[in-house]
Amino acid sequence: IVTYNILVNAFCKTRKMDRAFGLLNRMRKEGQRPTFQTYTTIIDGFIRAGDIKMALEMVHQMKKAGCKPSTATYNVMMYGLVQDGQMNRAVAIIDEMVLAGITPNERSYTILMEGYACIGELGNAYKFFKKMKEDGLKADIVSYGALLKACCKAGRMQSALAVLHEMNSAGVERNLFIYNILLDGWAQRGDMWEAAEVLHQMCKEGHHPDIYTYTSFINACCKAGDMKRAMETVADMKRTGVEPNIKTYTTLVHGWASASYPEKALACYHEMKEAGLKPD
RNA sequence: GCCCACGAUAGCCGAG
C-alpha cells in the first residue's frame, strides 16, 4: 500500500491525475484498501490542478469508503479554496473539522493566514494567528512568515518589525524566506534604503542572498529610480554566483523603460537573450 | 521524534 501511495503521489505531482486515479481504481480492484493518505494525495492532486469539484467528489468517495478525512485532508481542501480566493469557504472548513472531531494544526491556520496575507488583510491574518496560539499550537517560522507577509502587503512596516521582534522572543530563528519577505515589503514601497538595510543585516548574519533577494532589491532600486544601484546589484549577484533569471531581467527592462531609457532597456533585453533566456 | 499525504519569498503582461 505504501508503494501504491508513493506511486499515486508521483503521478499527482506530475499532474497526471488520470493515471493517479487509475491506480486508485486498480488498488480497489485488487482488494487493497486505499488509506487516508492515498485519498489525501489524490485530493491534493486535483486541488493543484485547480479542480475543486473533483477534489470535493474525492472527499465524498473517501468518506463513503469508510476513510476518515484527516487534518491534512482538510488542509488540502482549505488550501485549494484559498488559492481560488474563496476565503469564506476556507474558513468554514475549520468549523467543519472541529465538528468532525478533527483538530486543526498550525498548517491549517497558516494556510488561512497566507490567504489573508495575499489580499493584505492583516486583521484577519492576525485573527487566525491568535487562534492558533489559543489552541495551544506554537507558531513556526512559516506562520510567522505569513504574518509578516500580511503586514508587508498591508503596508504596515512597523507591524512587520514588531513581528520580527516577537519571533526573537519566541526563539524562532529567521531564515532566508523571512528576510526576503521583509526586503520585498520595503521594495514594494520603493524604499531601497530600508531594503538595503535588510540586505546588509542578513549578510551580516551569515545568510546568503538568493535570486529572490537580489531580484527584490533590484526592484527596490528600480522603483526608487536608482538604476545605477540596480546594475551594480546585478554585478554583485553574478559575482556571488547567483545568475539573473527572466524575472530579474524583466525587472531591469521595466526599470530602464520607466526611467525613460528605452535603449538601456533594450540592451538588458539583449543581454537576457545572450544569457540563453527566453522572454516570456 | 522519523517514516507514503498538507502550508512560506521576487518581475512584466493579460484577464477582471
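Here is how names work: the chains are called A, B, and so on, in the same order as the sequence lines, proteins then strands, and each is numbered from 1. Because the structure is a prediction, the values reported are computed rather than measured.
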On the nucleotide [N], are OP1 or OP2 found under 4.0 Å from the side-chain N or O atoms that [X] carries?
X: A:Lys13; N: B:rC6; result: yes
X: A:Tyr4; N: B:rA5; result: no
X: A:Lys149; N: B:rU9; result: yes

Using a side-chain heavy atom cutoff under 4.5 Å and only I, L, V, M, F, W and Y, what cluster partners does [X] have?
X: A:Val2; value: A:Ile6
X: A:Tyr214; value: A:Ile211, A:Tyr212, A:Ile218, A:Met227, A:Met231, A:Val234, A:Met237, A:Val242, A:Ile246, A:Tyr249, A:Leu252, A:Val253, A:Trp256, A:Tyr261, A:Leu266, A:Tyr269, A:Met272, A:Leu277
X: A:Met192; value: A:Trp193

When you measure from the side chain of [X], which nucleotide among [options] comes out closest?
X: A:Asn75; options: B:rC6, B:rU9, B:rA10; answer: B:rC6
X: A:Ile181; options: B:rC4, B:rA10, B:rA8; answer: B:rA8
X: A:Val142; options: B:rC6, B:rA10, B:rA8; answer: B:rA8

At less than 3.5 Å, do the side-chain atoms of [X] and the base atoms of [N] form a donor-acceptor pair?
X: A:Asn180; N: B:rA8; value: no
X: A:Thr110; N: B:rG7; value: yes
X: A:Asp140; N: B:rG7; value: yes

Atom-pair distance ([atom1] on [X]; [atom2] on [N]), nearest Å:
X: A:Gln188; N: B:rC12; atom1: CD; atom2: P; result: 7 Å
X: A:Met78; N: B:rG7; atom1: CE; atom2: P; result: 12 Å
X: A:Glu243; N: B:rA10; atom1: CD; atom2: C1'; result: 17 Å
X: A:Ile6; N: B:rC4; atom1: CD1; atom2: P; result: 6 Å
X: A:Lys223; N: B:rA10; atom1: NZ; atom2: C1'; result: 10 Å
X: A:Met77; N: B:rC6; atom1: CE; atom2: P; result: 16 Å
X: A:Tyr269; N: B:rC12; atom1: OH; atom2: C1'; result: 13 Å
X: A:Asn9; N: B:rC6; atom1: CG; atom2: C1'; result: 11 Å

May I ask you to say what [X] touches in the nucleic acid, namely base, sugar-phosphate or nothing, with a heavy-atom cut-off under 4.0 Å?
X: A:Ser108; value: nothing
X: A:Thr250; value: base
X: A:Val76; value: sugar-phosphate

*Can you name the residues that form a ring pair (Phe, Tyr, Trp, His ring centres under 6.0 Å) with A:Phe46, not counting sequence neighbours?*
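Ring pair (Phe, Tyr, Trp, His ring centres under 6.0 Å) list for A:Phe46, sorted by chain: empty.
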
*Partners of A:Tyr179 by ring pair (Phe, Tyr, Trp, His ring centres under 6.0 Å), sequence neighbours excluded?*
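Applying ring pair (Phe, Tyr, Trp, His ring centres under 6.0 Å) to A:Tyr179 gives A:His207.
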
Measuring only the [atom1] atom in each nucleotide, how far is [N] from [M]? A whole number of Å is fine.
N: B:rA8; M: B:rC4; atom1: C1'; value: 23 Å
N: B:rC2; M: B:rC6; atom1: P; value: 14 Å
N: B:rA5; M: B:rU9; atom1: C1'; value: 24 Å

Donor-acceptor contacts, no H, no angles, side chain residues 59-68 of chain A, under 3.5 Å, sequence neighbours left out:
residue, atom, partner, partner atom, Å
A:Gln61, OE1, A:Arg28, NH2, 2.7
A:Gln61, NE2, A:Glu57, OE2, 3.3

_Sorted by number, the residues of residues 22-54 of chain A with heavy-atom contact under 4.0 Å to RNA chain B_ =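 A:Phe36, A:Gln37, A:Thr40, A:Thr41, A:Asp44, A:Arg48 - these, ordered by number, are the residues of the stretch whose heavy atoms sit under 4.0 Å from the strand.
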
*Could you check which residues of residues 59-74 of chain A get a heavy atom under 4.0 Å from RNA chain B? Sort them by number, please.*
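Those residues whose heavy atoms fall under 4.0 Å from RNA chain B, taken from residues 59-74 of chain A in numerical order, are A:Ser70, A:Ala72.
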
*May I ask you to check whether A:Asn9 and A:Thr41 show a side-chain donor-acceptor distance below 3.5 Å?*
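Absent: no donor and acceptor within the cut-off.
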
_Between A:Asp140 and A:Ser143, is there a side-chain donor-acceptor contact under 3.5 Å, judged purely by atom types and distance?_
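There is such a pair (donor and acceptor under 3.5 Å, judged by atom type) between the side chains of A:Ser143 and A:Asp140.
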
_I'd like to check the side chain to side chain contact (heavy atoms under 4.5 Å, CB included) partners of A:Asn105; sequence neighbours left out, ordered by chain and number._
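Once residues adjacent in sequence are excluded, the partners of A:Asn105 under the side chain to side chain contact (heavy atoms under 4.5 Å, CB included) criterion are A:Thr71, A:Asn75, A:Arg107, A:Ser108.
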
*Residues in side chain to side chain contact (heavy atoms under 4.5 Å, CB included) with A:Leu23, at least two apart?*
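In terms of side chain to side chain contact (heavy atoms under 4.5 Å, CB included), with neighbours along the sequence ignored, A:Leu23 is linked to A:Tyr4, A:Leu7, A:Val8, A:Phe11, A:Arg26.
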
*Please answer whether the main-chain N or O of A:Asn245 pairs with a side-chain N or O of A:Thr248 as donor and acceptor at a distance below 3.5 Å.*
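It does hold such a pair.
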
*State whether the aromatic ring of A:Tyr212 stacks on the base of B:rA10, taking stacking to mean ring centres under 5.5 Å apart and ring planes under 30° to each other.*
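It does not: the two rings, one from A:Tyr212 and one from B:rA10, miss the stacking criterion.
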
*In plain terms, say whether A:Arg48 and A:Asp44 are close enough for a salt bridge, that is, a side-chain N and a carboxylate O under 4.0 Å apart.*
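Result for this pair is yes, salt bridge flagged.
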
Please report, to 0.1 Å, the donor-acceptor pairs under 3.5 Å made by any side chain of residues 152-170 of chain A, with sequence neighbours excluded.
residue, atom, partner, partner atom, Å
A:Glu166, OE2, A:Lys133, NZ, 2.6
A:Ser169, OG, A:His165, O, 3.0

Could you write out each protein N or O paired with an N or O of nucleotides 14-16 of chain B at a distance under 3.5 Å?
none

